[in-house]
Amino acid sequence: MTIIASLLRNAQLPQSPTERLDAELLLAAALGKSRSYLHTWPERIVSREAAETFEGFLDRRRGGEPVAYILGQQGFWKLDLEVAPHTLIPRPDTELLVETALQLVPATPARVLDLGTGTGAIALALASERPAWQVSAVDRIEEAVALAERNRQRLGLGNVQVRMSHWYDALVCERFDVILSNPPYIRADDPHLVAGDVRFEPSSALVAGEDGLDDLRVIVAQAAQHLLPGGWLLLEHGYDQAPTVRELLVAGGFVEVSSRVDLGGHERVSLGRRPC
């Protein structure tokens, strides 16, 4: 017989920086229980089937596969989202983008655009906090659009519309009060692309040319024609890209240009406003 405490004690994930957390999440999923159950009932006997499922999960994690892909879900903001290998896994850093938009824009009716929505994380988080906002979430990957729509339906957020579009291509003549994006911003030669969890994520959601700025340039260059006067453009970028992104915003005619710092002390979000 195997008990919960023994399974956790013997779970070995030495390559993971969050070894204990990973093991608890995987065991809870194998049991169909919450993590708190593991701590409340450490002496409970685990069925052979559940123990085998857990070991299978551990093998996949030892191979480097992200926990989010193994479980098919990831928490973001206050939401639980379905994730899949054709979309980027939502990260805590991106919550700064959501926080910034909520601080800048009043809760009155507004039109909001999330470019490159992936799982729909940004759009759905904003829509859940601002029922008066009408949020458009676009992505060029068909599977990502379908995934974001499943998340929208499961969360019951009727103020979000998920659509296919490569950046602004399908949004001709549409104007918004706020445009947000967490686009690809990693250099093509970045060594992190072949290490850790990132190597399992789609390169199309990560890489943006030799300097990592190709997509940011496109988004900034075309933003003014899709923003209402006084509208905001908010962009997530790499930890060392803020000065360059601010230059792009200034060159694009934006005012009130600034950057926001994440919990790690890095300038992670830059923003600017279209003049009235």
Side-chain angles (χ1 to χ4, degrees), residues 76-77 93-118 120-140 148 152 157-185 208 213-238 241-262 266-276:
F76 179 82
W77 199 248
D93 285 344
T94 302
E95 293 188 357
L96 178 62
L97 198 61
V98 175
E99 291 173 1
T100 303
L102 295 175
Q103 291 166 0
L104 283 175
V105 184
T108 52
R111 296 194 68 205
V112 178
L113 171 64
D114 174 22
L115 291 169
T117 197
I122 295 168
L124 297 170
L126 291 172
S128 70
E129 296 286 348
R130 296 288 186 264
W133 290 5
Q134 293 299 314
V135 184
S136 293
V138 303
D139 203 288
R140 70 183 181 89
R152 184 201 69 79
L157 292 169
N159 56 331
V160 179
Q161 183 183 43
V162 184
R163 292 186 279 169
M164 285 277 295
S165 181
H166 186 202
W167 303 137
Y168 305 100
D169 288 355
L171 306 171
V172 179
C173 298
E174 294 191 49
R175 301 291 184 270
F176 302 88
D177 298 283
V178 186
I179 297 175
L180 309 93
S181 185
N182 174 23
Y185 54 71
L213 294 165
D214 284 3
D215 290 309
L216 284 160
R217 291 190 183 96
V218 170
I219 292 169
V220 173
Q222 300 179 23
Q225 57 191 294
H226 292 280
L227 277 171
L228 293 165
W232 289 97
L233 175 63
L234 287 74
L235 302 167
E236 180 174 335
H237 48 68
Q241 294 174 329
T244 304
V245 175
R246 288 195 297 268
E247 290 175 4
L248 291 174
L249 289 165
V250 171
F254 287 86
V255 297
E256 300 181 48
V257 173
S258 64
S259 298
R260 299 291 175 89
V261 177
D262 64 17
H266 302 297
E267 292 182 312
R268 182 66 61 179
V269 169
S270 292
L271 55 139
R273 195 171 198 176
R274 182 187 170 189
C276 294

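FYI, the numbering just counts along the sequence from 1.
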Original post:
For Trp133, what residues pass the side-chain hydrogen bond (donor to acceptor under 3.5 Å, both in side chains) criterion, not counting sequence neighbours?
Top reply: none
Taking only distance into account, with no hydrogens and no angle test, what donor-acceptor pairs under 3.5 Å do side-chain atoms of residues 247-255 form with protein atoms, sequence neighbours excluded?
none

**OP:** Give, for atom CZ of Phe176 and atom CG of Leu171, the distance between the pair rounded to the nearest 0.5 Å.
**Re:** 5.0 Å
Original post:
Rounded to the nearest 0.5 Å, how far does CG of Leu180 lie from CG of Leu97?
Top reply: 5.0 Å
**OP:** Give a yes or no answer on whether the side chain of Asn159 reaches the backbone of Arg130 with a donor-acceptor pair at less than 3.5 Å.
**Re:** yes
Donor-acceptor pairs under 3.5 Å, side chain of residues 101-113 to any protein atom, not counting sequence neighbours: which ones?
unit_1: Gln103; atom_1: OE1; unit_2: Arg260; atom_2: NH1; d: 3.1
unit_1: Arg111; atom_1: NH1; unit_2: Arg175; atom_2: O; d: 2.8
unit_1: Arg111; atom_1: NH2; unit_2: Glu174; atom_2: OE1; d: 3.3

Original post:
Run the side chain to side chain contact (heavy atoms under 4.5 Å, CB included) check on Ile219 and Leu233 step by step: do they pass?
Top reply: CA-CA 9 Å; Ile219 292 169; Leu233 175 63; 4.2 Å; yes
Original post:
Partners of Glu267 by side-chain contact (heavy atoms from CB on, under 4.5 Å), sequence neighbours excluded?
Top reply: Ala242, Pro243, Arg246, Ser259, Val261
Original post:
Atom CG of Asp215 and atom OG of Ser181: how far apart are they, to the nearest 0.5 Å?
Top reply: 8.0 Å
Original post:
Considering residues at least two apart in sequence or located in another chain, which fulfil the ring-ring contact (aromatic ring centres under 6.0 Å, His included) criterion with Tyr168?
Top reply: His226
Subject >> Donor-acceptor contact below 3.5 Å, side chain Arg273 vs main chain Glu256 >> reply: no
Subject >> Shortest non-hydrogen contact between His237 and Val269, atoms and distance >> reply: NE2-C, 3.6 Å
Original post:
Looking at residues at least two apart in the chain, or sitting in another chain, which of them share a side-chain hydrogen bond (donor to acceptor under 3.5 Å, both in side chains) with Asp262?
Top reply: Arg268
**OP:** Check whether any side-chain heavy atom of Leu157 sits under 4.5 Å from a side-chain heavy atom of Ser128, and report yes or no.
**Re:** yes
Original post:
Do Leu213 and Gln241 come within less than 4.5 Å of each other through their side chains, counting heavy atoms only?
Top reply: yes
Original post:
Rounded to the nearest 0.5 Å, how far apart are CG of Leu115 and NE2 of His166?
Top reply: 10.0 Å
Original post:
When rounded to the nearest 0.5 angstrom, what distance separates CD1 in Ile122 from CZ in Phe76?
Top reply: 6.0 Å
Original post:
What is the minimum heavy-atom distance between Ala127 and Val160, and which atoms define it?
Top reply: CB-CG2, 3.2 Å
Subject >> Closest approach of Arg152 to Gly158 (non-hydrogen atoms, all atoms of both residues) >> reply: NH1-CA, 4.0 Å
Original post:
Where do Ala123 and Val135 come nearest, in terms of heavy atoms and distance?
Top reply: CB-CG1, 3.6 Å
**OP:** Rounded to the nearest 0.5 Å, what's the gap from OG1 on Thr117 to CG on Asn182? Could you check?
**Re:** 10.0 Å
**OP:** Kindly indicate whether the side chain of Leu126, heavy atoms from C-beta on, has any atom under 4.5 Å from the side chain of Val178.
**Re:** no
Subject >> Smallest separation among heavy atoms of Pro183 and Trp167, with atom names >> reply: CB-CH2, 3.8 Å
